[in-house]
Amino acid sequence: MTTAAKSVYYFGLYLYATGCGLLLVPNKFLGLFLLPETNEVWIRVAGILVICIGYYYHRTGAGNIKEMLRLTVHARCFVFLAFLALVVLKYAAIPLAGFGVVDLLGALLTWTALKKEK
């Protein structure tokens, strides 16, 4: 696996863990990041979707699918900007921005690795 592929492969594992936390123990997971508890089903639905996205990333990295590796950079930069906007607009607590930072750092790692591979 190339460095770019590894960065996306391991990001998929991070998404699996995040999705499982949201699906299986949502309020404990949310509490770790000072986010409010919920008894609504949406948080578990979000966990399922995060697991599915994690699968795409994991398999993209494992298969070294170049075009998809590039697309993950765009998506993860968008997640950073969107999460930051939610915090700035006071729709979400500051810790949500931390998830966006993880996305941004992963995107930068993948982008840098792709540039070096050319």
Side-chain angles (χ1 to χ4, degrees):
M1 252 190 294
T2 65
T3 301
K6 286 179 186 175
S7 72
V8 172
Y9 177 90
Y10 291 117
F11 195 78
L13 298 179
Y14 157 77
L15 291 174
Y16 285 152
T18 301
C20 286
L22 293 171
L23 177 63
L24 302 173
V25 287
N27 287 326
K28 287 185 184 197
F29 187 82
L30 292 171
L32 292 173
F33 302 98
L34 306 175
L35 297 169
E37 288 189 2
T38 183
N39 293 314
E40 302 278 338
V41 72
W42 67 264
I43 196 68
R44 293 176 194 274
V45 171
I48 292 166
L49 296 173
V50 170
I51 291 168
C52 290
I53 295 167
Y55 176 75
Y56 293 144
Y57 277 59
H58 184 232
R59 298 309 306 155
T60 293
N64 195 30
I65 304 168
K66 292 281 190 198
E67 184 57 26
M68 187 64 178
L69 293 173
R70 281 189 282 279
L71 294 175
T72 70
V73 173
H74 306 155
R76 291 183 282 169
C77 288
F78 172 74
V79 168
F80 167 72
L81 293 172
F83 285 6
L84 184 62
L86 291 174
V87 170
V88 168
L89 295 171
K90 300 191 190 278
Y91 288 119
I94 292 172
L96 182 67
F99 286 99
V101 169
V102 171
D103 276 80
L104 180 63
L105 293 175
L108 291 173
L109 176 63
T110 303
W111 180 75
T112 302
L114 286 169
K115 290 290 182 195
K116 288 181 182 177
E117 291 170 13
K118 281 190 173 181

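All heavy atoms count here, side chains included; hydrogens, waters and symmetry mates do not.
In this structure, the side chain of Arg59 does not engage the main chain of Tyr55 through any donor-acceptor pair within 3.5 Å. In this structure a side-chain-to-backbone donor-acceptor pair under 3.5 Å is missing from Arg76 to Leu104.
Atom CD1 of Ile94 is surrounded by 12 or fewer heavy atoms from other residues, nucleotides or ligands within 6.0 Å. Remark: Tyr56 OH is loosely packed, at most 12 non-hydrogen atoms of other residues, nucleotides or ligands lying under 6.0 Å away.
Residues in residues 67-89 take part in no ring pair (Phe, Tyr, Trp, His ring centres under 6.0 Å) pair, two or more places apart or across chains.
Ring-plane geometry between Tyr16 and His58 is classed as perpendicular, the angle between the planes exceeding 60 degrees on a 0 to 90 degree scale with a lower cut at 30.
The distance from the CZ atom of Arg70 to the CG atom of Leu114 is 6.5 Å, given to the nearest 0.5 Å. Separating the OH atom in Tyr57 from the SG atom in Cys52 is a distance of 13.5 Å, to the nearest 0.5 Å. Here the straight-line distance linking atom CG of Leu15 with atom CG of Leu49 works out to 12.0 Å at 0.5 Å rounding. Note that CG of Leu23 is 6.5 Å distant from CZ of Arg44, once rounded to the nearest 0.5 Å.
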With side chain to side chain contact (heavy atoms under 4.5 Å, CB included) as the criterion, how do Leu96 and Phe33 come out once you've worked through the C-alpha distance, each side chain's angles and the decisive distance to 0.1 Å? CA-CA 7 Å; Leu96 182 67; Phe33 302 98; over 6 Å; no
Side chain to side chain contact (heavy atoms under 4.5 Å, CB included) between Phe29 and Leu35, worked out: CA-CA 9 Å; Phe29 187 82; Leu35 297 169; over 6 Å; no
Chi angles and distances behind the side chain to side chain contact (heavy atoms under 4.5 Å, CB included) call for Tyr14, Val102: CA-CA 10 Å; Tyr14 157 77; Val102 171; 3.6 Å; yes
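Val87 and Ala97 make their closest contact through CG2-N, 3.8 Å (heavy atoms, listed as atom of the first residue, atom of the second, distance). The shortest heavy-atom contact between Ala4 and Ala113 is N-CB, 3.5 Å. Leu34 and Pro95 make their closest contact through CB-CG, 3.8 Å (heavy atoms, listed as atom of the first residue, atom of the second, distance). Nearest heavy-atom pair across Thr110 and Leu69 is CG2-O, 3.8 Å. Nearest heavy-atom pair across Lys6 and Met1 is CE-O, 3.5 Å.
There is a path of hydrophobic side-chain contacts, each under 4.5 Å, that joins Leu32 to Phe99. Val88 and Tyr91 end up in different hydrophobic clusters when Ile, Leu, Val, Met, Phe, Trp and Tyr side chains are linked at under 4.5 Å. In this structure, Leu105 is not a member of the same hydrophobic cluster as Val79, with clusters built from ILVMFWY side-chain heavy atoms closer than 4.5 Å. Leu71 is not connected to Ile53 by any chain of hydrophobic side-chain contacts under 4.5 Å among Ile, Leu, Val, Met, Phe, Trp and Tyr, and they are in different clusters. Val41 and Leu24 are assigned to two separate hydrophobic clusters, defined by single-linkage of ILVMFWY side chains at heavy-atom distances under 4.5 Å.
Taking 4.5 Å as the limit, every side-chain heavy atom of Thr38 sits out of range of all side-chain heavy atoms of Pro26. Side chains of Leu30 and Leu22 form a contact here, defined as non-hydrogen atoms less than 4.5 Å apart.
Not counting sequence neighbours, the partners of Glu37 by the side chain to side chain contact (heavy atoms under 4.5 Å, CB included) test are Asn27.
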